[in-house]
Every structure is written in structure tokens, then in C-alpha cells.
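A quick write-up on the structure given underneath.
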Number of protein chains: 2
Amino acid sequence: MNAISDEIKEDYNFISDSLVDIYDQIMRIEESEIKKSHFKDITAKELHLVHTIGLHDRKTTSEVARILRLSKGTLTANLNNLERKGYISRIRNQRDRRIINLVLTSKGRLLYRAHYAFHQKLVEQCLKGFDGSDIKKMKQALMNVEDFIGEVSGR
Amino acid sequence: MNAISDEIKEDYNFISDSLVDIYDQIMRIEESEIKKSHFKDITAKELHLVHTIGLHDRKTTSEVARILRLSKGTLTANLNNLERKGYISRIRNQRDRRIINLVLTSKGRLLYRAHYAFHQKLVEQCLKGFDGSDIKKMKQALMNVEDFIGEVSGR
DNA sequence: CAGAATAGTTTGATATTCAAACTATTCTGG
DNA sequence: CCAGAATAGTTTGAATATCAAACTATTCTG
């Protein structure tokens, strides 16, 4: 093993160690940043749920439960909380009255945008000083991770 | 706004969207991979705790609680579970008998290494085809994120 | 050496999660 | 068209996780 590949190995270890811890911290500061704004009653999990419900596509309860891997009962409880706090509404689907479509209220949309802006800021900081080809590499790395996740979880 | 910076903006959005979702999936497959091995009784949270206790430095309960931002009571409960399952031991510090030092049992060390190996594999997949300078960039990006986290959470 | 400070545990209340039973609605084969 | 199967979401009851505050044991300090 020569000096260069040793150095690369060290970099691998740095990256691996770093990744293990970073996301936890991100989750935490996401929540604390949101609480500094005027959304004081939102947890990181609820933020995640608001993000998943999203701005445009009126997902159903089942879709959201599948995406987040929550049981239907758990999601119902979470949705009750977010509805009570005024971030989401349930809309009964008129074509198929078994289905509930989920939408963000205007308050929910504000929260969504604040959260999204935070992520944008994070990515900007992360990639500051990078040029177009560096960014392409970064994108490639993330796609590789997605592929890996796909393989491991059986696509 | 010209074509090139539009493209970069799109890449930023891709990266931002991708990051939001990847962590959750990684947590999930970490847990499911570990359950495929002979550590069937471990949750993602417990894995995280075993990782934090680590191999070498005999952290105290308070240190671990601070790192993971858990209350002391919650951590006590978690440690009871991991001790019952045979992954950790509590060692009463002889210099200061108020303190408990936490160590992994041999079973705990096996789990730690399996988890670590998983992360290594993830990083290898992520960076496959990257050369030394690409990897340096990647490292830089992660350090930028750490800086950002430091700034936001007040260092 | 008395009392303040610290490390960790226990306790009681609250919140989260799940699976299973349940309600309401739609689909489907005869 | 209709009976029963299938589907979407809610309710329920039990198990687990979490927190803050009270508590125990130990060490530090003036």
C-alpha cells in the first residue's frame, strides 16, 4: 500500500465518520431553526411530514404512509396533530370517497418554503467555491448513494 | 440568468431534494441490513448509540447524553436495554465513583464493526470512479457542512 | 466538615408507534 | 344488479420512548 492510496483511505475514513454524524445534527438544527422562526410548535418529524405532503400533488394518506414507512394508524395520529395546529387540511376525494387527499394550508406552505430555503442555504454553503464540474461530481455521488440504497433495499 | 447558471441552479435543486430524502432511507437500510445479520434485536437508534459509545474511549453516561442530546433519564433507559441485550457494559469509575464509564461488550464490538463496514461500503459506492482530487472536493464539501452546522448552532 | 455540586437512576406523566378491529366506500364476478 | 371481496382511512389498546423533576450516592470546596 503506497502513500497516495493510504491518503485516499484516510479520506474515505474521514468521509465515512463525518457522514455518520452530520445528518443527526442537521435534523436537530432544522428543528431549532424552524423554532426560531414563528413556527414554534413543529418537531423535526412534523417538518419531514410537511415536506412529504408537499406543495402540489395532493397525495393520499396511504401514499404518504408508504413513503415514510409509517403505519396507517400512526400517520392518522400525526395528521390529526398537524391539522389541529393548522398546517394541513384533509380533502375528501369526490371521485372516490374512501380517499383523503392531503394539502398544506397557507401556514403549511409558509413552513414548507422556510424549510426548503434552509436546505438551499445548506447546499450553497456546502458547495461554495465549487465550479460546474465539481457540482456534477457531487450530483454523481448522490446518485451513486441512491443506487446503493436501491440495491440494498431490493429496488 | 444564462444557460450555464440555470443548469447549476438545477443541480443545486437536485442535490437539495436528494439530501432531504436520503438520510431517512439510509437509517432504514442500516437497520434492515443489521437485522439481516445475526443482530436481530437492534433498532437504528440503538445502532446509533452503540456507534457513539464507540470502541476506545470509555465515555461517561453524561458525555453520551450530551452528544446525542438525550435527557439523562432517557439515556439510562436506553442503556438498560442495550445492557440487557448484551451489547454494552457499565463500568463504575474507581477514581470517581459517581461516574459510569460505558464500554462495548465483544458482541457490541462485533456490531460496531459490522455497522462501520456498512458505512465504508456506502462511501466506496458513493465515490466509485472518483480520483484523489474528486475525493478531496468531497471532503471539502462535508467540512463546509460541518462549518455551517457549527455557525447555525452557535459553535 | 457542612453544604454545594455533580453523576446517574427512578418516577410519573405524556407522546409515539404499531397491529388489529372497525367503518365507509368502491370494485367485481355471477 | 347485487353480494361479498377489496381498499382507504380511523379507532382502539398495548407497548415503548421520552422528558423533567425528585432522588441517591459521591465528590468538591470554603
Side-chain angles (χ1 to χ4, degrees), chain A residues 24 27-28 30-32 34-35 40-53 57-85 87-104, chain B residues 24-25 27-28 30-32 34-35 39-53 57-85 87-104:
Chain A
D24 220 49
M27 287 286 274
R28 202 146 43 223
E30 274 187 351
E31 180 171 329
S32 65
I34 281 296
K35 281 187 172 159
K40 310 229 176 289
D41 55 356
I42 287 292
T43 65
K45 273 177 193 166
E46 288 173 329
L47 202 49
H48 195 178
L49 179 47
V50 165
H51 176 84
T52 302
I53 292 172
D57 47 351
R58 301 204 159 200
K59 296 193 180 69
T60 67
T61 298
S62 296
E63 278 176 303
V64 172
R66 184 180 45 73
I67 292 169
L68 298 181
R69 261 81 158 181
L70 294 173
S71 72
K72 296 187 298 172
T74 298
L75 188 58
T76 293
N78 293 167
L79 292 174
N80 290 343
N81 291 339
L82 280 179
E83 195 173 35
R84 181 173 40 74
K85 293 179 189 173
Y87 291 97
I88 67 142
S89 295
R90 289 168 157 110
I91 296 180
R92 178 69 67 183
N93 185 308
Q94 288 312 309
R95 295 245 189 117
D96 181 343
R97 298 182 40 74
R98 292 170 300 185
I99 294 173
I100 297 281
N101 289 111
L102 299 170
V103 295
L104 301 181
Chain B
D24 224 48
Q25 290 176 277
M27 287 287 277
R28 203 147 41 224
E30 273 187 351
E31 180 171 327
S32 66
I34 280 297
K35 280 187 171 158
F39 306 108
K40 310 227 177 288
D41 55 356
I42 287 291
T43 65
K45 272 177 193 166
E46 288 173 328
L47 201 49
H48 195 179
L49 179 47
V50 164
H51 175 84
T52 301
I53 292 171
D57 48 352
R58 300 202 158 203
K59 295 193 181 68
T60 66
T61 298
S62 297
E63 280 176 302
V64 173
R66 184 180 46 71
I67 292 169
L68 298 180
R69 260 81 157 183
L70 293 173
S71 72
K72 296 186 297 171
T74 298
L75 188 58
T76 293
N78 293 166
L79 292 174
N80 290 342
N81 290 339
L82 279 179
E83 196 173 35
R84 181 174 40 75
K85 293 178 188 172
Y87 292 97
I88 67 144
S89 296
R90 289 167 157 112
I91 296 181
R92 178 70 66 182
N93 186 307
Q94 288 312 308
R95 295 246 190 118
D96 181 344
R97 297 182 42 73
R98 290 170 301 185
I99 293 174
I100 297 281
N101 289 113
L102 299 169
V103 296
L104 300 182

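Below, chain A is the first sequence line, B the second, and so on; all start at residue 1. Values below: all heavy atoms of this structure, side chains included; hydrogens, waters and symmetry mates excluded.
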Establish whether the base of C:dT25 is bridged to the side chain of A:Arg97 by a donor-acceptor pair shorter than 3.5 Å.
no
With a 4.0 Å cut-off on heavy atoms, is B:Thr61 in touch with a base, just the backbone sugar-phosphate, or nothing at all?
sugar-phosphate
To the nearest angstrom, the CD-C1' distance between A:Glu31 and D:dT18 comes to 13 Å
Rounded off to whole Å, could you give me the NZ-to-P distance for the B:Lys59 and C:dG8 pair?
14 Å
Spacing of B:Arg58 atom CZ relative to C:dG8 atom P, expressed in whole Å:
14 Å
Tell me the partner of D:dA15, counting only Watson-Crick (N1-N3 plus N6-O4 or O6-N4) or G-U wobble (N1-O2 and O6-N3) with both under 3.5 Å; none if nothing fits.
C:dT16
How long is the span from the CG atom in A:Leu68 to the CG atom in A:Asn78, to the nearest 0.5 Å?
8.5 Å
When you measure from the side-chain N and O atoms of B:Arg90 to the phosphate of C:dT9, is any distance below 4.0 Å, counting only OP1 and OP2?
yes
Winner on side-chain proximity to B:Ile99, out of C:dC27, C:dA7, C:dT9, is C:dA7
Between the main-chain N or O of B:Lys35 and the side-chain N or O of B:Lys40, is there a donor-acceptor pair closer than 3.5 Å?
yes
Roughly how many Å is it from CG in A:Leu79 to C1' in D:dT10, rounded to a whole number?
11 Å
Exactly one of A:Leu82, A:Leu49, A:Asn81 should register a side chain to side chain contact (heavy atoms under 4.5 Å, CB included) with A:Ile88. Which one does?
A:Leu82
Which base sits across from C:dA24 as a Watson-Crick or G-U pair, both distances under 3.5 Å?
D:dT7
Evaluate the side-chain proximity of A:Arg58 to A:Leu102: yes if any heavy-atom separation is below 4.5 Å, no if none is.
no
Which pair of non-hydrogen atoms, one from B:Lys59 and one from B:Thr52, has the smallest distance, and what is that distance?
NZ-O, 3.0 Å
For a side chain to side chain contact (heavy atoms under 4.5 Å, CB included) with B:Asn101, tell me which candidate from B:Thr61, B:Asp57, B:Ile53, B:Thr60 qualifies.
B:Thr60
When rounded to whole Å, the CZ to P distance for the pair A:Arg98 and C:dT25 reads 11 Å
Within this structure, what is the CG-to-P distance between A:Asn80 and D:dG9, rounded to whole angstrom?
13 Å
For the side chain of A:Asp96 and the backbone of A:Arg98, is there at least one donor-acceptor N/O pair under 3.5 Å apart?
yes
Round to the nearest Å and state the distance from A:Arg95 atom CZ to C:dC27 atom P.
11 Å
Shorter than 3.5 Å, N or O on both sides, protein versus nucleotides 16-22 of chain C: list them out with atom names.
unit_1, atom_1, unit_2, atom_2, d
C:dT17, OP1, A:Lys45, NZ, 2.9
C:dT17, OP2, A:Asn78, ND2, 3.4
C:dC18, OP2, A:Ser71, N, 3.2
C:dC18, OP2, A:Ser71, OG, 3.4
C:dC18, OP2, A:Thr74, OG1, 2.7

Is A:Ser62 near enough to D:dG9 that one of its side-chain N or O atoms lies under 4.0 angstrom from OP1 or OP2?
yes
If you check every side-chain atom of B:Ile100, which of C:dG8, D:dT10, C:dA5 has the closest atom?
C:dG8
Measure the distance from CZ on A:Arg92 to C1' on D:dG9 and round it to the nearest whole Å.
7 Å
